[in-house]
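All residue numbers refer to positions in the sequence shown, counting from 1. Numbering of ligands and ligand atoms starts at 1, following listing order.
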Amino acid sequence: MLRKNWKRLGMALGLSLTLVAAGCGSDDGDTTETTESESAQLDYTITGIEAGAGVFKASERTVEEYGLDGWEVQASSSGAMATALGEAIKNEEPIVVTGWSPHWKFAKYDLKYLEDPKGVFGDAETINTMVRTDLEADMPNAYKVLDQFNWTTEDMETVMLEISNGADVVETTNKWVEDNAEKVAEWTNGVEEVDGTEIELAYVEWDTEVASTNIVRKVLEDLGFNVTVTPLDNAIMWQSVATGETDAMVAAWLPGTHGDLYEEHKDNLVDLGPNLEGAKIGLVVPAYMDIDSIEDLEAK
Ligand code: PBE
């Protein structure tokens, strides 16, 4: 490819010439545009999300372990990260974001995870359900639903994609539950209906957790529960279930992403196991970027 050859030529001449700036992602790009490396164009910045997220903390460890001096992981929100990613792609500019799957961004854009030879982000993960220690005794029916709830990455992505395209969260998740009666019947198998019992689910406003928490909300509502869903910071979400302030959450990413929070609280909550398999976190970039590995990022 033309731009690859240019890059090689530049390296051969000892120049810092990496022609993958805005506009150069396509082959008709103007090859005179820039001499800056992708890292410099990024201003040595990783576009992060909430500072309490596991993927944010892992990104900070990455900066350290790969010796990326001068790099910053910028705290933001999941929504702002997605907007920044969309903008960068519209302009064919480089961007590195703290990413995770399942996520609708992989359906919408052509993206790649940067390889992580040091394994800072860990391998595939599960998303587990955690409930307060007395839940089984207090609300055996809710406990049973939470224990039986499990779905696939495809299920979750379908729901997330609709919401990301502007559909209403409650309408979308309610409809998914109505349309997937067979799957839902497995979760409610052996469960008796209740009459307005109050239950509170904690979650964080990440696209994944918005989807799963609202699915469980609808299933519990259909069984007669009066459900409150409460958005919290990540650390507070864990704490609230461990102290019994909230009843449950379906947002525990393990073993890596929330490993520290699990260690801190595991004696004070009940782990009902995976509700989804095949989750993953890492640094994500548009496929048009030249770099493929975290090792390709350059210290300042
Ligand atoms: N996430 C989504 C969370 C877990 C769910 C990957 C942004 C985190 O990093 O903590």
Can you confirm if the NZ or CZ of Lys183 lies within 45° of the ring axis of Trp176 and under 6.0 Å from the centre of its six-membered ring? no

Out of Tyr203, Phe56, Trp100, the nearest non-hydrogen contact to atom 2 (C) of ligand 1 is supplied by Trp100

Counting from 1 in the order shown, the ligand 1 atoms closer than 4.0 Å to a non-hydrogen atom of Glu209 are 2 (C), 5 (C)

In ligand 1, the atoms that come under 4.0 Å of a heavy atom of Ile281 are 6 (C)

*Are any of the side-chain nitrogens in Glu171 or Lys175 under 4.0 Å away from the carboxylate oxygens of its partner?*
no

Contact region, Thr208 to ligand 1, non-hydrogen atoms below 4.0 Å, reads side chain

So, regarding Ala53 and ligand 1 (criterion: nitrogen or oxygen to nitrogen or oxygen, under 3.5 Å), is there a contact or not?
no

Are Glu87 and Lys90 close enough for a salt bridge, meaning some N to O gap below 4.0 Å?
yes

task: Answer yes if the side chains of Lys108 and Asn165 hold a donor-acceptor pair under 3.5 Å, and no otherwise.
output: yes

ask   = With a distance cut-off below 6.0 Å to the six-membered ring centre and an angular limit of 45° from the axis, does Lys280 pair with Phe121 as a cation-pi contact?
value = no

Quick one: do Lys105 and Asp207 make a salt bridge, cutoff under 4.0 Å? no

min-distance protein heavy atom vs atom 9 (O) of ligand 1 -> Val55 N, 2.8 Å

Between Glu298 and Ser37: side-chain donor-acceptor atoms closer than 3.5 Å: yes

Under 4.0 Å between heavy atoms, the region of Ile49 that gets near ligand 1 turns out to be side chain

Residue, atom and distance of the protein heavy atom nearest atom 8 (C) of ligand 1 read Gly54 N, 3.3 Å

Taking only non-hydrogen atoms of Thr257 and a 4.0 Å limit, the atoms of ligand 1 in range are 8 (C), 9 (O), 10 (O)

Numbered in order shown, the ligand 1 atoms found under 4.0 Å of a heavy atom of His258 are 4 (C), 8 (C), 10 (O)

